[in-house]
Amino acid sequence: MEKVTRDPEELLPLTPAVFHIMLALADGERHGYGIMQEIAARTEGKLRMGPGTLYGSIKRMLADGLIEEADERPDPALDDERRRYYHLTDFGRRVVAAEALRLAQLVNVARAKRVLPNPEPATLAGGA
Amino acid sequence: MGTSPRVLSVSGRVYRLLLVAYPAEFRRIYGAHMAQVFRDYCREAHARRSTRGVIRLWVSTLRDLAATAPKERISEIAHKYGRNSIAIKRFFDIIVSMAVLLLVAPVFLVIAVSIKLDSAGPIFYKSRRIGRNGKPFEMYKFRTMAGNAGPGGPRITRVGRFLRPAAIDEWRQLFNVLQSGSRFCLCGRA
């Protein structure tokens, strides 16, 4: 069962790699390479995580109860090799939300100090 | 044909070898998954038929490895490799000294004959020197002094007068490199 008593805040801030992986898993379970593909697509190929970074992060996230292993099965879009799938736990979902909120607050500070221009109502470039 | 299964499996195997940089426990659980992800990356680069992509992939993968593998483990492996590199140096020493010896062999022959003719005694002067790890070894030089010279007598032989300024008498040390593994360095008269 979930450890409902844990405070998501105590794991913040997340490392960029962990935050990216959790965002990639936010809309469904993926295997390792699927996580990488999602991150690469979302960052226009700018961020390419190596296998060591990916599985080092996965190991820590499993230990922290942020993600869980799902079953091992082939990906129909790739070959017929079996792949280990991962998904967010409820606690992981709360943690990634808390981290997103923390970052949003930081962005607000940056806007207030005119480090970042205020978004214009209609044309929000890039759709942040 | 963008994806060559052979290239993929070779790349995957090389990457698997590199995984020794990670602790055994981590490797046991994630090694196969990591190699799989690496092969997927390779497949991607090959599908685009981009040689630069493959090179970039290897560079970023090695960087990733250096950043994520535990430092103690890397230095442990480097230490092991360091021991092998002593063997490589030794091999290099032997090759170089053999080549030089072949070149100077005729000169050595002339010197040996003239020492023998010049004064009574052996061709070589032998001296015990302390080598690596305090292990003594015999160091040979061409003899340039008369063995039977009394006090005040001319100890340096005539051939010696010619050999010593050019330090040719020291050349025999090339053999020492071959025999005992003394490093390449013509140690002076001390």
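These numbers come from the heavy atoms of this one structure, side chains and all, not from hydrogens, waters or symmetry mates.
Counting non-hydrogen atoms of neighbouring residues, nucleotides and ligands closer than 6.0 angstrom, the OH atom of B/Tyr125 reaches no more than 12 such neighbours. Under a cut-off of 6.0 angstrom, the local environment of CD in A/Glu44 is sparse, with at most 12 non-hydrogen atoms contributed by other residues, nucleotides or ligands. The neighbour count for A/Lys46 NZ, taken as heavy atoms of other residues, nucleotides or ligands under 6.0 Å away, does not exceed 12.
Side-chain contact between A/Lys59 and B/Glu25 is absent, with no heavy-atom pair separated by less than 4.5 Å. Contact check for B/Asp40 versus A/Arg83: side-chain heavy atoms found under the 4.5 Å cut-off. A/Arg48 places none of its side-chain heavy atoms less than 4.5 Å from the side chain of B/Arg56.
A/Tyr85 and A/Leu78 sit in two unconnected hydrophobic clusters of ILVMFWY residues. Membership requires side-chain heavy atoms under 4.5 Å apart, directly or through other members. Hydrophobic cluster membership differs between A/Leu101 and A/Leu116, with clusters built from Ile, Leu, Val, Met, Phe, Trp and Tyr side chains linked at under 4.5 angstrom. B/Val14 and B/Leu19 fall within the same hydrophobic cluster, where Ile, Leu, Val, Met, Phe, Trp and Tyr residues are linked whenever their side-chain heavy atoms come under 4.5 Å apart, directly or through other members.
When heavy atoms are compared at a cutoff of 4.5 Å, B/Tyr22 approaches chain A solely by way of its side chain, counted from C-beta outward.
Considering CE of A/Met49 and OG1 of B/Thr68, their distance stands at 12.0 Å, rounded to 0.5 Å. Summarising the geometry, atom CD1 belonging to A/Ile58 is positioned 8.5 Å from atom NE2 belonging to B/His33; distances are rounded to the nearest 0.5 Å.
Closest heavy-atom contact between B/Tyr30 and A/Tyr55: CD2-CD2, 3.4 Å.
Contact count against chain B (heavy-atom pairs under 4.5 Å) is highest for A/Gly52 among A/Gly32, A/Gly56, A/Gly50, A/Gly52.
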Exercise for review: Please test A/Glu81 against B/Arg39 for side-chain contact (heavy atoms from CB on, under 4.5 Å), starting from the C-alpha separation and ending with a verdict.
Suggested key: CA-CA 11 Å; A/Glu81 274 182 85; B/Arg39 275 203 308 279; 2.6 Å; yes

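Using the six-membered ring where Trp is involved, A/Tyr33 and B/Tyr41 have ring planes that are perpendicular, over 60° apart on the 30 and 60° scheme.
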